[in-house]
Amino acid sequence: MAVSKLALPATSGKSCKILLGLRLLALSATLSAAIVMGLNKETKTFVVGKVGNTPIQATFTAKFDHTPAFVFFVVANAMVSFHNLLMIALQIFGGKMEFTGFRLLSVAILDMLNVTLISAAANAAAFMAEVGKNGNKHARWDKICDRFATYCDHGAGALIAAFAGVILMLIISAASISRLVQPNKCCSTTASPSVVP
């Protein structure tokens, strides 16, 4: 009798499909957050004074890259989007790749790092959005959302998408950690040896 290993394609079990769906949702949430915030810009002209009866006007632009927290937000969401895109590609096209041992641990660690990254970025941007909306009387920072309403609305939409991405990445990270306990639960590519007479 000879012993042979059967190579099977990536399993399409229920947990595999759920994880793939969660990664697709997280990709769309983080990518949309990065794109909306990255394209967030509004220009307005205001009267800043008068000389006699002649108004003096100045044009101001509110743009995401004027605030380092928003730049960090865009970069972090883009990085998490790339991570999810890479994991989706590996799950779909990595047919003969076995996800056990160190590879499985690496995915779990990268998922946890991405949760931390996107959570930090979303919270930093939320803090700056709060200052933009309400100002800070103690530091004498004026609010800007009463003047740049569209800019603030787009920023709020990006924040909502980013926090949805945080929740989805938390669920994905928990699923990745649970796969460490049962490594062959999803995307295992090799079957157990079979006896051929």
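Positions are given from 1 along the sequence. Computed from a predicted model, the values in this text were never measured in an experiment.
Note on residues 129-152: pairs passing ring pair (Phe, Tyr, Trp, His ring centres under 6.0 Å), not counting sequence neighbours, are Phe46-Phe148. Listed by first then second residue, pairs satisfying disulfide (SG to SG under 2.5 Å) with a partner in residues 110-167 read Cys145-Cys152, not counting sequence neighbours.
Side chain of Ser173 to backbone of Leu170: no donor-acceptor contact under 3.5 angstrom is found. The backbone N or O of Val36 sits nowhere less than 3.5 Å from a side-chain atom of Asn40 that would complete a donor-acceptor pair. Formation of a donor-acceptor pair under 3.5 Å by the Ser81 side chain with backbone atoms of Leu31 is found in this model. The backbone N or O of Phe64 sits nowhere less than 3.5 Å from a side-chain atom of Thr67 that would complete a donor-acceptor pair.
To the nearest 0.5 Å, atom CD1 of residue Ile172 and atom CG of residue Leu27 are 9.5 Å apart. In this structure, CD1 in Ile144 is found 10.5 Å from NE2 in His66, a value given to the nearest 0.5 Å. One distance of note links CD of Gln57 with OG1 of Thr45; it measures 6.5 Å at 0.5 Å rounding. A distance of 9.0 Å separates CG of Leu168 from OG1 of Thr30, quoted to the nearest 0.5 Å. Taken to the nearest 0.5 Å, the CG atom of Asn134 stands 12.5 Å off from the CG atom of Asp142. Atom CG of Leu19 sits about 6.0 Å away from atom CZ of Arg179, to the nearest 0.5 Å.
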Taking it one step at a time, do Met128 and Lys133 satisfy side chain to side chain contact (heavy atoms under 4.5 Å, CB included)? CA-CA 9 Å; Met128 290 309 298; Lys133 183 179 179 186; over 6 Å; no
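Contact record, Phe73 with Ala125: CD1-CB, 3.5 Å, taken as the closest heavy-atom pair. Closest of all the heavy-atom pairs between Ser176 and Ala108 is CB-CA, 3.8 Å. Leu159 and Ala122 make their closest contact through CD2-O, 3.6 Å (heavy atoms, listed as atom of the first residue, atom of the second, distance). When all heavy atoms of Ala162 and Ile118 are compared, the closest pair comes out as O-CD1, 3.9 Å.
In this structure His154 satisfies the side chain to side chain donor-acceptor pair (under 3.5 Å) test with no other residue, sequence neighbours excluded. For Asp65, the side chain to side chain contact (heavy atoms under 4.5 Å, CB included) partners at least two apart in sequence or on another chain are Lys63, Val71. Residues forming a side chain to side chain donor-acceptor pair (under 3.5 Å) with Ser32 (at least two apart in sequence, or on another chain): none. With sequence neighbours excluded, the residues satisfying salt bridge (Lys or Arg N to Asp or Glu O under 4.0 Å) with Lys44 are Glu42.
Under a 4.0 Å N-O distance rule, the pair Arg23/Asp111 qualifies as a salt bridge.
Crowding of Met112 atom CE: a count of heavy atoms from other residues, nucleotides or ligands under 6.0 Å exceeding 12.
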